[in-house]
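What follows is a set of notes on a single structure, which appears directly below.
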Amino acid sequence: MVSLTDTAPMGAIEVMSPATGEVIGQVPVLPAEAVNAAVARAKKAAATWSAMPMAERRHDLVAFRRHIAARVDDFADTIHRENGKPRLDATVEVMMALSHLHHAAVRAEKVLRKKRVASGLLANFRAEVSYCPLGVVAVIGPWNYPLFTPMGSIAYALGAGNAVVFKPSELTPLTAKLLAEVAAESLSVPDLLQVVTGDGRTGDALAGADVDKIAFTGSAATGRKVMTRAAERLTPVLMELGGKDAAVIAGDADVDKAAAATVYGALANTGQACVSIERVYAAEDIYDQFVAKVVEHAGRVTVGDNGEDLGPMTSEAQVDIVRDHLDDAVAKGAEVLMGGADEIRGRYIKPTVLVGVTPEMKIMTEETFGPVVAIARVADADDGVRQANRSAYGLGSAIFGRARVRELADQIRSGMTSVNSVLAFSGIPSLPFGGVGDSGFGRIHGDEGLREFSRTKSTAEERVPLPMSLLSFGLPASTVDRIRTLIHQLYGGGAVDRAGAAIRSLRR
Ligand code: TXE
């Protein structure tokens with residue numbers, strides 16, 4: 001943690017349990033001076049860390065992973081208390097976060113190794129691509145997955161040889177504090193992972209600080225502010241913004257399975273996931289059956305703070321958004337089959353199933369981030385895909401069906417798609433994660449995640465000096481004719497294509 005002696009904080013944040021309203025902790029709102037001091041320390045840490053052999057870095061990251069695993073109950077308890085999600089979900093969150101830390105640690109050496117590539121026309125050259133650390137990565141995180149989501153950037157940034165300064169959400173800073181504590185115990189380089197607590201002002205200071213990349217997860221509106229701030233220094237940014245994920249149910253889907261999975265995808269984490277299923281397009285043939293099954297499955301989902309399936313909403317503001325979207329939908333003609341705005345009690349929202357939803361409704365266009373299954377009837381799966389693609393967002397998606405399901409999956413405009421399942425892509429660390437459109441850009445997780453936090457460097461080394469080089473002055477005038485001939489031979493007459501085809505056929 002950043003020491004309070006850096007500069008006086010701009011007040012304190014009282015962290016509240018969403019379930020009970022009780023104050024469970026307090027953290028300072030750190031000002032720009034403290035943020036800049038943390039970044040300066042991170043630069044020193046980055047210099048030491050990046051100079052260490054990859055195997056030593058892996059050793060450190062594995063130690064970090066083990067220390068977090070050893071304190072799984074502390075992490076799960078902290079997440080449960082400050083975010084409100086059930087202990088089971090909080091424990092799963094720890095496991096998923098660790099799967100990324102493990103993946104980044106063990107893949108880094110292979111993925112970031114210097115690679116020799118073809119040198120093309122300059123055959124006497126050795127061409128290489130290196131993946132160098134960037135330096136200091138700023139991670140600005142949200143509250144819905146206080147450990148898993150930031151870890152999706154932190155693990156890959158550290159794995160790629162960078163230091164990290166992490167600004168957690170003001171709603172969930174205690175998990176971040178615990179993470180910083182464990183990092184200090186287990187990583188051999190001091191200040192490699194620092195946490196700066198605070199609100200939007202602290203985030204703004206970090207976005208404007210002398211960092212080498214910003215990985216932001218949050219709303220599209222705040223993402224725009226962060227990009228504007230980053231533009232001042234031309235700091236590269238990675239944006240993981242909201243989503244309005246669609247599930248398409250084809251006429252030949254296993255209806256019961258699709259309904260159960262859709263209900264889970266829409267309601268898990270009380271719907272507060274960037275990859276929650278927020279819109280469902282069910283084909284006419286199975287629509288009635290599907291809706292009945294959704295109601296059946298959703299009816300079994302329990303709500304409460306004592307081991308139930310869904311906990312309270314993490315913030316009051318989010319309850320207001322859900323209520324507003326439900327009111328808007330009902331005013332525009334949607335029918336509530338279960339739950340609904342009238343049944344909201346404080347932070348607790350009952351699983352809500354809506355039908356008769358149309359594209360004009362907020363519930364079908366804006367991120368709702370609540371436990372709502374909104375189902376639209378479509379002609380068939382192709383129609384469903386077309387409607388799914390009519391969104392400014394494009395983070396995740398899901399499709400259920402048999403015959404053409406893979407073909408249809410490829411047609412959905414989103415960064416990730418689960419086929420006959422939901423959310424599965426988040427649990428596979430080797431799959432890159434990120435969106436299109438208003439859902440952002442850049443990729444965390446997987447090999448792409450490691451490269452995202454690296455600077456690609458190309459090196460061309462002359463290995464065999466030639467008597468005559470195109471990269472020099474003083475070539476005879478006849479060179480023009482020779483080049484012209486070469487162009488015709490290589491690129492005009494199909495010689496390159498024939499050679500390529502021959503090589504490909506040999507490789508087959
Ligand atoms: O997010 P914000 P909020 C969506 C969801 C939700 C909405 C708002 O729809 O209703 O976002 O949630 C920091 N410069 N998601 O208000 O404002 C802030 O302190 C730099 C989607 O919580 O985007 C926090 O650490 N940073 C999402 C982080 O940005 C600033 C997850 C996110 O806050 C800042 C959560 C500024 N000017 C909500 N202002 C997802 N993609 O998973 C705030 N912050």
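Ligands are counted one by one from 1 in listed order, and the atoms in each one are counted from 1 as well.
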Using distance only, find each side-chain donor-acceptor pair of residues 420-430 under 3.5 Å and give its atom names and separation, not counting sequence neighbours.
from, atom 1, to, atom 2, distance (Å)
Asn420, OD1, Gly401, N, 3.0
Asn420, ND2, Gly401, O, 3.1
Ser426, OG, Leu423, O, 3.3

Fill in: Mode of Leu171 contact toward ligand 1 - side chain, backbone, both, neither (heavy atoms, under 4.0 Å)
neither
Worksheet item: ligand 1 versus Ala207, non-hydrogen atoms closer than 4.0 Å: side chain, backbone, both, neither?
Response: neither
Worksheet item: Looking just at side-chain N and O atoms, do Asn83 and Thr172 make a donor-acceptor pair shorter than 3.5 Å?
Response: no
Worksheet item: Looking just at side-chain N and O atoms, do Thr20 and Ser17 make a donor-acceptor pair shorter than 3.5 Å?
Response: yes
Worksheet item: Hey, is atom 19 (O) of ligand 1 under 4.0 Å from any protein heavy atom?
Response: yes
Worksheet item: Closer than 4.0 angstrom: is that true for some heavy atom of Tyr145 and an atom of ligand 1?
Response: no
Worksheet entry | Chi angles and distances behind the salt bridge (charged side-chain N to carboxylate O under 4.0 Å, His left out) call for Glu367, Lys244 | CA-CA 6 Å; Glu367 190 168 40; Lys244 193 72 198 167; over 6 Å; no
Worksheet item: Is Glu367 in polar range of ligand 1, meaning some N or O pair under 3.5 Å apart?
Response: yes
Practice prompt. Under 4.0 Å, heavy atoms only, figure out whether ligand 1 is touched by the backbone of Ala221, its side chain, both or neither.
Written response: neither
Worksheet item: Does any N or O atom in Thr217 lie less than 3.5 angstrom from one in ligand 1, N or O only?
Response: no
Item to complete: Tell me which part of Gln318 gets within contact of ligand 1: side chain, backbone, both or neither, using heavy atoms under 4.0 Å.
Response: side chain
Discussion item. Regarding ligand 1, does Gly141 bring an N or O atom to under 3.5 Å of one of the ligand's N or O atoms?
Written reply: yes
Worksheet, complete the sentence: Quick look: Thr202 vs ligand 1, heavy-atom contacts under 4.0 Å, and the answer is neither
Worksheet item: Going by atom types alone, do His445 and Tyr156 pair a side-chain donor with an acceptor below 3.5 Å?
Response: no
Discussion item. Using ring centroids (six-membered ring only for Trp), state whether Trp143 and Phe369 fall under 6.0 Å.
Written reply: yes
Discussion item. Are Tyr264 and His297 an aromatic pair, judged by ring center distance below 6.0 Å?
Written reply: no
